[in-house]
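Shown next, in structure tokens, is the structure this report addresses.
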Amino acid sequence: TVEYTLLTLSGVEFQGELSASVVKGTIGKPEYLVTITRNITERKKTEADLRRLATIVTDSNDAVTVLDIDGRIIAWNKGAERIYGYRKNEAIGLDVFKIIPEDKKQEMLDAIGKIKINKTVESFETKRLTKDGRVLDVNLTITRLVNDEGKIVAFATTVRDITVKKRLEEKARISEKFAILGQVTSSVAHEIRNPLGVIRNSVYYLNLKLKDTSDEKVAKHLKIMERNINSADSIISDLLDIGRSKIGPFESTWLDTILESSFARLIIPKNIEVIKKLDKIPKLLIDPERIQRLFLNIIQNAFAAMPQG
């Protein structure tokens, strides 16, 4: 059998397949030749389309894999090599669950189970594991492959890596939340700072009136009130900074100095003894105001956690 480009009577070219056989006579000598010509133009077009499709699949940026009925990988394209990190010779024969996180294995089993009973499974977002252990966000499509009798013989999967897309979406969501937080904190800060300003002025007035007082406790408590008013104002500023996603400024600071300053701002309950054991910590590049507010919160929570001392 040979293939030729042939001409019809009207002069139109077509792809033909020519086969010939010799017919022998009664004495065994060839008497004539029988030839059969088939028009295989459509078949050749189909074969060309399949070759183009195979090239597209092979060179696709998406991971295109074929699994046998037992879940073993039997085909693995360049996109799969790039996304998962396994070379083709490493992947062939590998159990597909090797590239599926533990918490997503049942999801894959459920999807294949539905396909086996001719249920439609739409593309869905899931996760996959790379050779080096990274977890990827992916979009997965599973297609059944059948033989001439319609029996499922394999499954084709197409995976698109959407990890970067998901991260960008998450950043956008966080940015949106910060924008909303900024609006809320701005409104709350305005409402709190008004009465805080009244309290600050009252403390200032009392300081003026009692500056010559001999009562050390009164003077001490006025100073504590003043420090805590400033602390509350700083907390409000901190909330506004978070709403604006503001970071810093950072300074090279001794941590034990900030801790000592934090204790100086507080009234230590009489039934609580504070024992300070400060290790020699080198200077750190930090935001002193925020670290001090952190210490204040921790210390106050500790006091509140032991009312009996």
Side-chain angles (χ1 to χ4, degrees), residues 40-178 180:
I40 59 170
T41 303
E42 288 303 317
R43 193 186 83 187
K44 297 298 285 185
K45 286 181 180 178
T46 302
E47 289 174 354
D49 289 341
L50 288 173
R51 283 194 297 271
R52 282 194 292 271
L53 181 60
T55 301
I56 291 169
V57 169
T58 301
D59 296 337
S60 172
N61 286 326
D62 294 338
V64 181
T65 64
V66 178
L67 316 174
D68 66 17
I69 206 71
D70 297 318
R72 295 279 172 185
I73 296 167
I74 57 175
W76 188 261
N77 76 337
K78 292 178 182 178
E81 289 186 343
R82 182 183 60 81
I83 289 174
Y84 292 113
Y86 291 96
R87 304 296 296 174
K88 185 176 180 179
N89 63 326
E90 295 176 306
I92 298 299
L94 198 67
D95 190 324
V96 69
F97 289 104
K98 181 76 174 178
I99 58 173
I100 301 177
E102 191 64 37
D103 61 339
K104 296 296 179 182
K105 289 180 179 179
Q106 188 59 50
E107 178 185 67
M108 184 66 171
L109 287 171
D110 292 344
I112 289 178
K114 289 178 181 179
I115 292 171
K116 283 182 177 179
I117 58 175
N118 294 324
K119 285 190 176 181
T120 301
V121 176
E122 301 290 343
S123 298
F124 59 95
E125 290 185 4
T126 185
K127 295 183 184 294
R128 286 294 179 266
L129 284 174
T130 64
K131 184 179 179 180
D132 59 9
R134 289 177 295 116
V135 178
L136 303 177
D137 289 296
V138 303
N139 186 277
L140 172 65
T141 302
I142 308 174
T143 307
R144 67 181 182 212
L145 302 178
V146 299
N147 59 16
D148 292 339
E149 288 77 38
K151 182 181 177 182
I152 296 175
V153 293
F155 301 95
T157 70
T158 303
V159 160
R160 175 162 293 180
D161 185 357
I162 57 171
T163 305
V164 174
K165 174 176 171 283
K166 295 290 284 185
R167 286 176 182 170
L168 292 174
E169 288 175 351
E170 182 62 23
K171 285 183 180 179
R173 281 194 292 270
I174 292 172
S175 296
E176 185 178 358
K177 287 179 181 178
F178 270 117
I180 295 171

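Only this structure's heavy atoms are used, side chains among them; waters, hydrogens and symmetry mates stay out. The shown structure was predicted, so the numbers you read here are calculated from the model rather than taken from an experiment.
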Heavy-atom side-chain contact between V135 and L129 under 4.5 Å
yes
Please say which of V66, N147, D68 ends up in a side-chain contact (heavy atoms from CB on, under 4.5 Å) with V153.
N147
Are R128 and D161 close enough that some pair of their side-chain heavy atoms sits under 4.5 Å apart?
no
If we only count heavy atoms from C-beta on, is the K151 to V146 side-chain gap below 4.5 Å?
no
Hey, is E81 close enough to K78 for a salt bridge, meaning N to O under 4.0 Å?
no
Under a 3.5 Å distance rule, please check whether D62 uses its side chain to pair with a backbone N or O of T158 as donor and acceptor.
no
Please report the shortest heavy-atom distance between G85 and E90, naming the atom on each side.
O-OE1, 4.2 Å
Heavy-atom distance under 4.5 Å between the side chains of T163 and R134, does that happen here?
no
If you compare all heavy atoms of I115 against all heavy atoms of V121, which two are closest, and at what distance to 0.1 Å?
CG1-CG2, 3.8 Å
Give a yes or no on whether a salt bridge exists between D70 and R72, defined as a side-chain N under 4.0 angstrom from a carboxylate O.
no
Is the backbone N or O of A75 less than 3.5 Å from a side-chain atom of T65, with the two atoms forming a donor-acceptor pair by type?
no
Within-4.5 Å side-chain heavy-atom neighbours: I73 and L67:
yes
Least distance between heavy atoms, I100 atom then K105 atom
O-CE, 3.4 Å
Could you measure the distance from the CZ atom of R173 to the CG atom of L168? Nearest 0.5 Å is fine.
11.0 Å
Using the rule given for side-chain contact (heavy atoms from CB on, under 4.5 Å), can you reason through T126 versus V138, listing the C-alpha separation, both sets of side-chain angles and the distance that settles it, and then say yes or no?
CA-CA 5 Å; T126 185; V138 303; 3.6 Å; yes
How long is the span from the CD1 atom in I99 to the CG atom in L136, to the nearest 0.5 Å?
10.0 Å
In terms of heavy-atom contacts, does CZ of R87 have more than 12 from other residues, nucleotides or ligands at under 6.0 Å?
no
Pairs flagged by ring pair (Phe, Tyr, Trp, His ring centres under 6.0 Å) wherever residues 62-97 is involved - sequence neighbours left out:
W76-Y84
I need the R160 CZ to T141 OG1 distance, nearest 0.5 Å.
8.5 Å
I want to check something: taking the side chain as every heavy atom from C-beta on, are F155 and I69 in contact at a cut-off of under 4.5 Å?
yes
K131 side, atom NZ; K98 side, atom NZ - distance, nearest 0.5 Å
10.5 Å
Using 0.5 Å steps for rounding, measure from the CG atom of L140 to the NZ atom of K104.
11.0 Å
At what distance, to the nearest 0.5 angstrom, does CG of N77 lie from CG of N61?
9.5 Å
Are any of the side-chain nitrogens in E169 or K165 under 4.0 Å away from the carboxylate oxygens of its partner?
yes
